[in-house]
Amino acid sequence: AAALVRVAGVRPDDVVWDPFVGSGLELCERMKAGPCVRLIGTDRDQNALDVARKNLDAAGAKNAELVCADALRFVPRGPRPPTLVITNPPMGRRVLRGEDLHTLLDRFLAHAASVVAPGGRIAWITPVPAQSARVIKYLGLERIMSSRIDMGGFEAQLEVWHRPA
C-alpha cells in the first residue's frame with residue numbers, strides 16, 4: 001500500500017478512489033502521505049468495508065467515504081472526478097475463484113480510465129502485466145512507471161498510468 005502511494009505521487013488536490021478497498025490500507029497510506037480533497041473506497045463485501053472503516057478511523061481518516069458497490073459500475077459522485085485511482089485488485093488467489101480474472105481486470109481498467117479525471121493517474125498491481133498494458137494503451141493512457149514485485153509466492157507488476165489532459 002505504501003509503495004503504491006509513493007509511486008502514484010501525492011497531490012493536495014487529489015480526489016482518491018480505491019475501487020477494491022478491502023481493508024482500506026491504500027487509503028490509509030494515502031491519507032498519511034499528505035493532504036487530499038477526498039478519499040473514497042468501494043467494495044462488494046460489507047465485512048471488508050467494516051474492517052476498512054475501523055482502519056481508516058484509527059489512521060485518522062474519519063471522513064473517508066466507504067460504499068458497498070461494484071468497482072465495475074460505481075462512479076464517484078461529487079464536484080470533481082477522481083484524480084487518483086489506487087488499488088490492489090483481486091488476483092484470484094483468495095477471492096474471485098471461479099470468475100474470469102482476466103475479464104474482470106480488463107473491464108476494471110476500461111471503467112477506471114473512463115472515470116479518472118484528465119491529468120489523473122491509475123496506480124495498481126496487476127498479475128497479468130502484458131495483457132493490462134495492451135488494454136491500457138488501447139484506452140489512451142500513458143505509462144509513468146512499472147516494476148515487477150514479489151507478492152509472496154507469485155510475481156505481479158506495480159504500475160502507474162496517466163490519463164492525458
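Throughout, residue positions are numbered sequentially from 1 according to the sequence presented. Quick caveat, the model's predicted, so the values are computed rather than measured. Heavy atoms only: backbone and side chains are in, while hydrogens, waters and symmetry mates are out.
The CG atom of L141 sits 5.0 Å away from the CD1 atom of I122 when rounded to the nearest 0.5 Å. How far CD1 of I86 is from CG of L27: 8.0 Å, rounded to the nearest 0.5 Å. Taken from CZ in R44 to SG in C68, the straight-line distance is 9.5 Å, to the nearest 0.5 Å. Within the model, atoms CZ of R134 and CG of L109 stand 12.0 Å from one another, a figure rounded to the nearest 0.5 Å. Here the CD1 atom belonging to I149 is positioned 4.0 Å from the CD1 atom belonging to I125, to the nearest 0.5 angstrom. Taking CD1 of I136 as the start and CD of E142 as the end, the distance is 12.0 Å to the nearest 0.5 Å.
Of the possible donor and acceptor atoms, one in the side chain of H111 sits under 3.5 Å from a partner among the backbone N and O of F74. A donor-acceptor pair under 3.5 Å links the side-chain atoms of T83 to the main chain of V15, judged by distance alone.
Every residue two or more places apart in sequence or in another chain was checked for a salt bridge (charged side-chain N to carboxylate O under 4.0 Å, His left out) with D50, and none qualifies. Judged as a side chain to side chain contact (heavy atoms under 4.5 Å, CB included), and not counting sequence neighbours, A58 has no contacts. Take D14 and apply the salt bridge (charged side-chain N to carboxylate O under 4.0 Å, His left out) test, not counting sequence neighbours, and it matches R30, R121. In this structure E29 satisfies the side chain to side chain donor-acceptor pair (under 3.5 Å) test with no other residue, sequence neighbours excluded. Every residue two or more places apart in sequence or in another chain that forms a side chain to side chain contact (heavy atoms under 4.5 Å, CB included) with N55 is listed here: S23, L25, C28, V51. Evaluation of the salt bridge (charged side-chain N to carboxylate O under 4.0 Å, His left out) rule for R77 yields no partner, not counting sequence neighbours. For S147, the side chain to side chain contact (heavy atoms under 4.5 Å, CB included) partners two or more places apart in sequence, or in a different chain, are M145. Considering only residues two or more places apart in sequence or on other chains, D57 meets the side chain to side chain donor-acceptor pair (under 3.5 Å) condition with R53. The side chain to side chain donor-acceptor pair (under 3.5 Å) test applied to R107 returns no partner, not counting sequence neighbours. Considering only residues two or more places apart in sequence or on other chains, P81 meets the side chain to side chain contact (heavy atoms under 4.5 Å, CB included) condition with A117. Under the rule for a salt bridge (charged side-chain N to carboxylate O under 4.0 Å, His left out), the partners of D70 that lie at least two apart in sequence or sit in another chain are R73.
Nearest heavy atoms, W17 versus A71: CH2-O, 3.7 Å. Closest heavy-atom contact between A8 and A123: CB-CB, 3.7 Å. Nearest heavy-atom pair across F108 and P19 is CE1-CG, 3.4 Å. Taking both residues in full, the closest heavy atoms of A61 and M31 are given as CB-CG, 3.7 Å, listed atom of the first, atom of the second, then distance. In plain terms, the two heavy atoms of P76 and V115 that are nearest each other are CD-CG1, 3.6 Å. When all heavy atoms of L66 and L49 are compared, the closest pair comes out as CD1-O, 3.6 Å.
Two residues are said to be in side-chain contact when any heavy atoms from C-beta on lie closer than 4.5 Å; R80 and D13 meet this criterion.
For the side chain to side chain donor-acceptor pair (under 3.5 Å) test with D18, the passing option among N88, T42, T87 is T87; the others fail.
The list of side chain to side chain donor-acceptor pair (under 3.5 Å) pairs with a residue in residues 59-69, not counting sequence neighbours, reads R38-E65.
The environment of R143 atom CZ is dense: over 12 non-hydrogen atoms of other residues, nucleotides or ligands sit within 6.0 angstrom.
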